[in-house]
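Structure first, commentary second.
The first residue in the sequence is number 1, and the count goes up from there. Atoms considered below: every heavy atom in the structure, side chains included; atoms not considered: hydrogens, waters and symmetry mates.
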Amino acid sequence: QAQVVESGGGLVQAGGFLRLSCTASGLTFDDYDMGWFRQAPGKEREGVSCISWSGGTTDYANSVKGRFTISRDNAENTLYLQMNSLKPEDTAIYYCAARGLGDYCSSSWWEYEWDYWGQGTQVTVSS
């Protein structure tokens, strides 16, 4: 029953912006840390950003730091990723993920197993 579903991907020119959304259902949303990951063809999945259940702790991959902002609205069971100053190397399928009952965003969260994964949304940045 529990699932997370991404939306908001698309095609954008370099320097542009997109906001991704991830809506969770079937789980107690504020029990879960949430994360964004991405994967380009032929590359390993990369952790992009993590946010704690309350939003009080966030973390970002160095490649997106200063350009992307993760946030969440617990009242709406929704996770966001605001992506600004997009680069062609940001092109990937972006996934949201949920992990419950822990404190992950302050550690090596990108190496952990996450409980639930979305199906992904494609982000393509043209030069």
Please output the side-chain donor-acceptor pairs of residues 78-87 that fall under 3.5 Å, not counting sequence neighbours, one pair per line with the distance.
from : atom 1 : to  : atom 2 : distance (Å)
T78  : OG1    : E76 : O      : 2.8
Q82  : NE2    : N84 : OD1    : 3.0

Which donor-acceptor pairs under 3.5 Å do the side chains of residues 2-9 make with protein atoms, sequence neighbours left out?
from : atom 1 : to   : atom 2 : distance (Å)
E6   : OE1    : Q119 : N      : 3.1
E6   : OE1    : G120 : N      : 2.9
E6   : OE2    : C96  : N      : 2.8
E6   : OE2    : G120 : N      : 3.3

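One finds the CZ atom of R67 at 4.0 Å from the CG atom of D90 (value rounded to the nearest 0.5 Å). Atom CG of N77 sits about 8.0 Å away from atom OG of S25, to the nearest 0.5 Å.
Cluster annotation: L20 and W110 are assigned to distinct hydrophobic clusters (Ile/Leu/Val/Met/Phe/Trp/Tyr, side-chain heavy-atom contacts under 4.5 Å, transitive). Cluster annotation: Y95 is not connected to I70 through the hydrophobic network of ILVMFWY side chains, with a link wherever side-chain heavy atoms come within less than 4.5 Å.
R99 contributes a side-chain N or O that, together with a main-chain N or O of E113, makes up a donor-acceptor pair within less than 3.5 Å. Judged by distance alone, the side chain of T91 and the main-chain N or O of T124 form no donor-acceptor pair under 3.5 Å. Looking only at distances, no side-chain donor or acceptor of T28 sits under 3.5 Å from a matching main-chain atom of D30. Judged by distance alone, the side chain of D33 and the main-chain N or O of Y104 form a donor-acceptor pair under 3.5 Å.
Cation-pi contact between R72 and Y32: absent, since separation from the ring centre below 6.0 Å together with deviation from the ring axis within 45° is not met.
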| query | Can you list the steps and then say if S49 with M34 is a side chain to side chain contact (heavy atoms under 4.5 Å, CB included)? | reply | CA-CA 9 Å; S49 188; M34 300 293 295; over 6 Å; no
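For the pair S127 and E89, the minimum side-chain heavy-atom distance is 4.5 Å or more. Using a 4.5 Å heavy-atom threshold, the side chains of I93 and T121 count as separate. Looking at V48 and F68, their side chains come closer than 4.5 Å, going by heavy atoms from C-beta outward.
Here the shortest heavy-atom pairing between T57 and C105 reads CG2-CB, 4.0 Å.
Heavy atoms from other residues, nucleotides or ligands lying under 6.0 Å from NZ of K65 number more than 12.
Residues in residues 36-66 take part in these ring pair (Phe, Tyr, Trp, His ring centres under 6.0 Å) pairs, two or more places apart or across chains: F37-W109, F37-W114, F37-W117.
A side-chain N or O of Y112 and one of S107 form a donor-acceptor pair less than 3.5 Å apart.
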